[in-house]
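First up is the structure itself, then whatever we jot down about it.
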Amino acid sequence: MRTIAISNNKGGVGKTTSTVNIAAALEILGKKILVIDIDHQAQTTYHFGLKPSELKYSIFEVLKGEFYYEDIIIHRNGIDILPAKTDLKDLDFLPFPAKEFLLKEALADAKDYDYVLIDCPPSLGILTYNALAYSQEIIIPLQLEFLPFHGMYNLFEGVQDKIRKHLNKKIRISGIIGTMYSAGKDINKEVLNETEARLPGLLFKTRIRKNDDLQAAPSWGKTIFEYKPDSKGAADYMNLAKEIVAAETE
Ligand SMILES: Nc1ncnc2c1ncn2[C@@H]1O[C@H](COP(=O)(O)OP(=O)(O)O)[C@@H](O)[C@H]1O
Ligand SMILES: [Mg+2]
């Protein structure tokens with residue numbers, strides 16, 4: 001079982017889009033998938049067509065120890081989902097000890113999946129720490145522009161050691177996804193080159209091209225494979241999922 005946090009401290013870089021569509025592609029490839037939404041904006045939950053405000057329970061009750069994770073899971077088209085609601089932001093205010101390890105403890109029995117994918121919020125804070133304490137791997141979606149690159153690079157240079165020391169000794173960055181790529185854009189190529197130079201070997205070969213269908217799919221509550229299976233977005237996420245699967249044997 002691989003546990004992967006989809007994380008970047010910047011918003012709008014493609015974390016949610018990648019979490020949902022990598023999960024959907026892996027499911028099509030025959031893998032058993034659990035998706036955890038640990039962002040209090042609950043966008044992965046929305047993207048799968050679930051309405052957070054109509055859900056009675058969510059990952060928050062699991063973190064608080066009020067419910068066993070299996071009792072909260074929503075089964076949707078072959079994918080298991082632990083949804084979020086906006087109340088998740090209140091985790092900050094709970095007087096629990098060792099709050100960074102709540103997810104790890106709550107999911108200690110979850111062993112029957114091939115992949116657990118966690119969509120993280122766009123900041124380092126208690127929710128992201130929970131995801132990083134639990135995960136073996138981090139996949140970073142990177143919008144191929146100048147500022148997002150430097151934000152990502154500085155963060156992971158400075159923070160990686162601290163994450164290893166305090167949260168999770170074994171965690172590693174297993175890949176960087178170049179998102180919202182346009183072949184004609186020089187800055188996209190420059191950022192790809194810079195990433196390869198500074199973080200060699202981490203970029204996935206597949207780039208996720210800019211694609212309107214990827215942007216429209218969430219408003220229908222559908223993955224790209226349900227919404228437009230012959231779109232560029234579906235092709236890109238399928239190729240990316242195959243790369244992720246190929247790394248299983250590395
Ligand atoms: N490859 C893409 N092409 C076009 N739009 C995209 C693509 N990836 C993401 N988007 C859109 O960009 C916005 C931010 O993406 P999102 O996945 O929500 O980022 P994050 O979770 O990092 O905040 C959303 O409106 C999403 O639909
Ligand atoms: Mg998001």
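Both counts, for ligands and for their atoms, begin at 1 and track the order of listing. Counting begins at 1 with the first residue of the sequence.
- Identified under the salt bridge (Lys or Arg N to Asp or Glu O under 4.0 Å) test for residues 10-30, with sequence neighbours left out: none.
- By the 4.0 Å N-to-carboxylate-O rule, Arg2 lies close enough to Glu137 to be salt-bridged with it.
- Ligand 1 places these atoms under 4.0 Å from at least one heavy atom of Leu214: 1 (N), 2 (C), 27 (O).
- Residue Val13 places a heavy atom less than 4.0 Å from ligand 1.
- In terms of heavy atoms, Ile38 sits closest to Ala131 at CG2-CB, 4.2 Å.
- Residue Leu34 comes nearest to Ile81 through the heavy atom pair CD1-N, 4.3 Å, listed as atom of the first residue, atom of the second, then distance.
- The existence of a salt bridge linking Lys85 and Glu61 is excluded, since no basic side-chain nitrogen approaches an acidic carboxylate oxygen closer than 4.0 Å.
- Judged by distance alone, the side chains of Tyr115 and Glu248 do bring a donor and an acceptor atom under 3.5 Å apart.
- Residue Arg209 approaches ligand 1 through these ligand atoms, each under 4.0 Å from one of its heavy atoms: 1 (N), 2 (C), 3 (N).
- Distance check for atom 14 (C) of ligand 1: a protein heavy atom is found below 4.0 Å.
- Protein heavy atom nearest atom 23 (O) of ligand 1, with residue, atom name and distance: Gly12 N, 2.7 Å.
- Backbone and side-chain nitrogen or oxygen atoms of Asp119 are examined, and none is located within less than 3.5 angstrom of a nitrogen or oxygen of ligand 1.
- Under the 3.5 Å distance criterion, with hydrogens and angles disregarded, a donor-acceptor pair is assigned to the side chains of Glu226 and Asn77.
- Around the NZ atom of Lys64, the shell of radius 6.0 Å holds more than 12 heavy atoms that belong to other residues, nucleotides or ligands.
- Across all non-hydrogen atoms, the minimal contact from Asp37 to Thr44 is OD2-N, 3.5 Å.
- Distance from atom 12 (O) of ligand 1 to its nearest protein heavy atom, with residue and atom name: Met180 CE, 3.8 Å.
- Side chains of Tyr181 and Arg209: no donor on one and acceptor on the other come within 3.5 Å.
- Using 4.0 Å as the threshold, Gly14 has a heavy atom nearer than that to some atom of ligand 1.
- A salt bridge links Asp213 with Lys228: the closest approach of a Lys/Arg side-chain nitrogen to an acidic carboxylate oxygen falls below 4.0 angstrom.
- In the vicinity of Ile208, heavy-atom distances shorter than 4.0 Å reach the ligand 1 atoms 1 (N).
- Nearest protein heavy-atom neighbour of atom 4 (C) of ligand 1: Asn211 O, 3.3 Å.
- By the 3.5 Å distance cut-off applied to N or O atoms, Pro218 is not counted among the residues near ligand 1.
- Counting atoms of ligand 1 from 1 in the listed order, those under 4.0 Å from a heavy atom of Gly11 are 23 (O).
- For ligand 1, the polar-atom distance check finds an N/O of Thr16 within less than 3.5 Å of one of the ligand's N/O atoms.
- For the residue pair Tyr57 and Asp71, no side-chain donor N or O sits within less than 3.5 Å of a side-chain acceptor on the partner.
- More than 12 heavy atoms of other residues, nucleotides or ligands sit less than 6.0 Å from atom CG of Asp87.
- Side chains of Thr206 and Tyr237: a donor-acceptor N/O pair is absent below 3.5 angstrom, by distance only.
- At under 3.5 Å, a nitrogen or oxygen of Thr17, whether backbone or side chain, sits near a nitrogen or oxygen of ligand 1.
- On a distance-only criterion, Lys15 and ligand 1 share at least one N/O pair closer than 3.5 Å.
- Around the Mg ion (ligand 2), the protein N, O or S atoms closer than 2.8 Å are Thr16 OG1, listed by chain and residue number.
- Of all protein heavy atoms, the one closest to atom 27 (O) of ligand 1 is Gln215 CA, 3.3 Å.
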